[in-house]
Structures are given as structure tokens and as C-alpha cells.
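The first residue of the sequence shown is numbered 1, and numbering continues consecutively from there. In listed order, ligands and their atoms are each counted from 1.
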Amino acid sequence: MDILEIIAKKRDKHELSKKEIEYFVREYTAGNITDYQAAALVMAIYINGMTIEETTNLTLAMAYSGDVLDLSSVGNVVDKHSTGGIGDKITLILMPIVAELGVKVAKMSGRGLGFTGGTKDKLEAIPGYRTEIGIEEFKENVKKVGISLIGQTLNLAPADKKLYALRDSINCTANIPLISSSIMSKKIAAGANKIVLDVTCGSGAFMKNIKEAEELSKTMINIGKLANKETVCIITNMDQPLGKMVGNNLEVIEAIEALKGNIQEDVKNVVLELGAYILKLDGKGNNIEENKKIIEEIIKNGKAYNKFEELVKNQGGDISYIQDINKFEKAKYIVPVIAKKCGYIEKLNAEEVGKIAVNLGAGRIRKEDNIEYSVGIELLKKVGDSVVQGETLAYIHANDEEKGTKAVEELFELYKISEKRANKIPDILKIII
Ligand code: URA
């Protein structure tokens, strides 16, 4: 087989065979196909697409490019994954909740890349928290406390690791066959039996409109069926950032507050919807509305918060930070963004907010960059809110005065304030089963 022929075939809009896809994934992972050859093929896929059969073959080849976890000793595992966004701290809140309700949680999360944040970085914002543990300790933790959240450190779907970085470097991320194979290969390799996917949609997501989000959802559900993993997709709004905080320490603080009952409305709606479906897939109740009530109760009675403390302690984290959020390091400069007129917030572009946060140091511009945990953005006003002249719209948390001043100016420009009452966008856009 020859990679040049495979590239030419896709370039000329032909369908690749299972053997050709397997050959590409195997040889690229082994380093026998160069990055520039792989980039040419990825670009051809991006432009000419893939059939569902090709996408499924790509997913399975990537899933089996490294280890595939056997979690049968742990029990039935329901996994959750988001297609990415800004201010997305859902895993930190949701997974302790469902763990407290008896769902086995064994979840791996990635670092932030591009303008989107990553749960691994947020976990590492908690001093001492170990995200890089071996498979045996991972399984033991789940058996002991019912939950373990770690980074993608095991040799799972290494083909995706290489391809994801390559796609990011050639601007070929936002593509349905490539996203669905990336996500589903990791989920299959991670050993989950059932999968709930948060498919984000809007300016801060890879899928910019509902039609694309539906197509991505249907593709992933199809792959799930073929791989014998029941999959549910919840399409959620990512047209503005989720919740109040963007940035690592800030988002952990927001998650702790949420688990203590002080939860932002949009975050709550996403947590309830995803959680209700996780409980359903785990056989803990078919009635979605009843499941939501159970989740609300577990937050209210403090048990979800206790489970989070237990998780952090078990992973080596310093729980005194969880018990007293004032211990988290604060940025040197906390600067308000002030409204210059009265009206209603009509728009707050999530992708642009994400870029401001990355430039402050909350994310990485290059893979090897270090992040600053204390910086970020605190949003006091969101779409639909009314505002009066002189009121604070948001705070910029910066460690560098110049970067902070620039961020204040940029965020000010992003807030679109109109005289007409602006409608809030629904948080849950569609559920696809
Ligand atoms: N999340 C992933 O894991 N992969 C993608 O391609 C996009 C979002």
C-alpha cells in the first residue's frame, strides 16, 4: 500500500477502503508516514468529507491504535465528553453528582487547546491533585470512592493524539468525520459501556449552527451503535461562555460554589440535562424529570459537594482549598469592565472571550506553553441581562498590567448592548437519541 495513492484517492473524491484507512492510522502512529503527508490527507478529508462507513473505520482504527481499557472489574461505566467550549466546568460539577448517585465514574479529560479550555488543566489548578496516575490506581480509585478524574496519560488512542495536534496546526479541527472519529475513538479506548455527549453549538464551539451540531450528533450515535455503545447527544448552547467564570482557578471556584448550591442558571440546566441522561443510561431511572429532581436534591443536601472533596482527597489534592476557596491564588490585577450605556446584553461572542482568556495566560497558544492558573474573566452580565451606564459588566483577572488593560478594552468591545430587550438563548437546544 502507498500513502501517495491514498492521498490521491481522497483528493479525487473517492471512498477509502477499510484496509487503506487502517494502513494510514497504523503507519502514521508508528512514524512511518510524515506529518506533511498526513496533513495532505487530513486536508483532503476536510474538503471532500467521508462516508459514515469511512468515518466508522477511521474511528475503530484510531481506537485500537493503542491500549483499550477493560473496565469490567469496575462495573458498568457511563462516560461523558464535551465537544469543547468556553467556561465549561461541567465535568467538575456533574461527575461527583452522578458518582454520589451510584454511577461508576472513570473519566479521562484533555488539556485546553486553541480557544477552548480543558478539564485536565482545571484539575491541576487544585494543589497536589494528581492527574497522571497509572491504570491500576485509576481502577482502584473508582472501586474505592466511585470516581476518578484523570488526564489522557495512558496510551489510549495515540493516533488521535497525533492527529488532533496536526489538525490544530493546519486549521482542520472543525470537521464532522474528524471530530466524531476523534471523540468516539477515545471513548471506545477508554472502556465505557455507555456515552453521554455534550455537543456544543454556537460561536464558542466547533459546530457553529444547529444543523452542523445535529449532523455531528447523528454521526457519533451511529458510530456508537456500530461499536455497541449506547450513545446520547445533548446539543447545548455555546454562543456565549458557560457560567460566570473563564480561567482555571476561577472555574474550579465556580464549580465548588455550584456544588454548594450556588449554581449559575445555564450551568445548572446543562448539569441537570446531562446528569438525567447519565442516570437513565446507567439504569437508575427512566424518567428524565424525576432524575433532575434527584440531582437537585443531592446538590441541596451537600452530598455532591462531599463526593467532590472525597475525589480530590483521594487523588492527592489539598482539600483545604476546596473548603476555603479564598486560598486559591488570585491574579495581581482585578480590573472592572464598565458599561458606557444602558440597555440589554444582546451578544457576547464566546470564541472571542476564549481568545482573551488565552492571551491573559489561561490557555496555551502553543502546546508547550505554561498556563497561569489565576488569570481569567469573571462575567457579571450575560446575554439577556439589563445593564445601566456605569455598571460593571465583568472583571479581568490579569498578572500583567499591559495584558490586563488590553483585555479590558477587548472585552468591552465584545459586549453588544442594544436598546431593545434581548432574549436569553435556551441552554439546551436539542436531544438526539
Ligand atoms: N474534542 C475532541 O476530543 N476531539 C475533537 O476533534 C474536537 C473536540
message = Would you say OH of Y395 has more than 12 non-hydrogen atoms from neighbouring residues, nucleotides or ligands within 6.0 angstrom?
response = no
message = Cation-pi check for Y415 against K381: NZ or CZ below 6.0 Å from the six-membered ring centre and within 45 degrees of the axis, yes or no?
response = no
key: Numbering as shown, the atoms of ligand 1 that approach T83 to under 4.0 Å (heavy-atom distance)   = 8 (C)
request  = Below 4.0 angstrom from a heavy atom of S182, which ligand 1 atoms are there? Numbered from 1 as shown, please.
outcome  = 2 (C), 3 (O), 4 (N), 5 (C), 6 (O)
ask   = Is the count of non-hydrogen atoms from other residues, nucleotides or ligands lying under 6.0 Å from K284 atom NZ greater than 12?
value = yes
query = What's the shortest distance from atom 6 (O) of ligand 1 to any protein heavy atom, and which residue and atom give it?
reply = R167 NH2, 2.9 Å
query = Quick one: does I183 get a heavy atom under 4.0 Å from ligand 1?
reply = yes
inquiry  = Would you say S17 and E20 are linked by a side-chain donor-acceptor pair, where the criterion is simply a distance under 3.5 Å?
reply    = yes
query = Cationic tip of K186 within the cone over Y164's six-membered ring, i.e. under 6.0 Å and within 45° of the normal?
reply = yes
remark   = The closest protein heavy-atom partner of atom 7 (C) of ligand 1 is Y164 CE1, 3.7 Å
ask   = Counting each atom of ligand 1 from 1 as listed, which ones have a heavy atom of K186 under 4.0 Å away?
value = 2 (C), 3 (O), 4 (N)
